[in-house]
Amino acid sequence: MRHWLLSLLVNSVVLMVVAGYFDGFFIQGLGSAILASVILSLVNVFIKPFLILLTLPVTILTLGLFLVVINAITLMITASLMGDAFVINGFGMAILAAIVIGLLNLLIEKFIMEPIRQKA
């Protein structure tokens, strides 16, 4: 449970950072970022596996690169569920945001979260 809450907090911060750097990616505030993180995690648990299964041949042909498109789709689903509090202008922006969010999450996990877990 603690890991999930920490993951939500990190994801919320990452969403806020991406919103700060890109004009086509808007999130209303910290509360909206936390809610978007919760919705995104639920979409990743319930919808993303079906998307991966449906697009498995394309994912294999692209050596897994199509997963970036699936991540962009989950971001677009989250934005559509959030309404005006979370707006992504276009699918290209969603792909760019998915790449940046993935890289930031990877860096935070590797250089911040892992050392903290090893000390505990």
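Just so you know, these numbers come straight off a predicted model, no measurement behind them.
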key: Test side chain to side chain contact (heavy atoms under 4.5 Å, CB included) applied to Phe25 and Leu15, step by step   = CA-CA 9 Å; Phe25 192 94; Leu15 286 173; 3.8 Å; yes
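- At a threshold of 4.5 Å between non-hydrogen side-chain atoms, the residues Thr55 and Val69 do not count as touching.
- In plain terms, the two heavy atoms of Ile52 and Leu67 that are nearest each other are CG1-CD2, 4.0 Å.
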key: Test side chain to side chain contact (heavy atoms under 4.5 Å, CB included) applied to Leu6 and Ile116, step by step   = CA-CA 12 Å; Leu6 194 56; Ile116 290 173; 6.0 Å; no
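- Side-chain contact check for Ile101 versus Asn11: some heavy-atom pair is nearer than 4.5 Å.
- Phe111 and Val100 fall into different hydrophobic clusters, where Ile, Leu, Val, Met, Phe, Trp and Tyr residues are linked whenever their side-chain heavy atoms come under 4.5 Å apart, directly or through other members.
- Here Ile73 contributes atom CD1 and Leu51 contributes atom CG; the two are 6.0 Å apart, rounded to the nearest 0.5 Å.
- Closest approach of Ala94 and Ile88 over heavy atoms only: N-CG2, 3.7 Å.
- Val87 and Met82 are assigned to two separate hydrophobic clusters, defined by single-linkage of ILVMFWY side chains at heavy-atom distances under 4.5 Å.
- Shortest non-hydrogen contact noted between Asn44 and Pro49 is O-CD, 3.4 Å.
- Checking side-chain atoms of Thr78 against main-chain N and O of Thr74 turns up a donor-acceptor pair under 3.5 Å.
- Looking only at side-chain heavy atoms (C-beta outward), Leu81 and Phe86 stay at 4.5 Å or farther from each other.
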message = Using side chain to side chain contact (heavy atoms under 4.5 Å, CB included), reason through Glu109 and Arg117 one step at a time and then give a plain yes or no.
response = CA-CA 10 Å; Glu109 181 66 31; Arg117 284 191 200 111; 2.5 Å; yes
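- Considering CG of Leu8 and CH2 of Trp4, their distance stands at 4.5 Å, rounded to 0.5 Å.
- Atom CD1 in Ile60 sits 12.5 Å away from atom CZ in Phe66 (nearest 0.5 Å).
- A single hydrophobic cluster is not seen to contain both Phe91 and Leu65; linkage of ILVMFWY side chains at heavy-atom distances under 4.5 Å, directly or through other members, places them apart.
- For the pair Ser37 (side chain) and Ser12 (backbone), a donor-acceptor distance under 3.5 Å is present.
- Ile34 contributes atom CD1, which lies 7.0 Å from atom CG of Leu9 (distance to the nearest 0.5 angstrom).
- Summarising the hydrophobic clusters (Ile, Leu, Val, Met, Phe, Trp, Tyr; side-chain heavy atoms under 4.5 Å, direct or chained), the residues clustered with Leu63 are none.
- Taking CD of Gln28 as the start and CE of Met16 as the end, the distance is 10.5 Å to the nearest 0.5 Å.
- Placement of Leu40 and Phe22 within a single hydrophobic cluster is found when ILVMFWY residues are connected by side-chain heavy-atom separations under 4.5 Å, directly or transitively.
- Considering every non-hydrogen atom in both Ile27 and Ala33, the closest pair reads CD1-CA, 3.5 Å.
- A heavy-atom distance below 4.5 Å is found between the side chains of Asn71 and Lys48.
- In the hydrophobic clustering of ILVMFWY residues, with side-chain heavy atoms under 4.5 Å counting as a link, Val58 and Leu61 come out apart.
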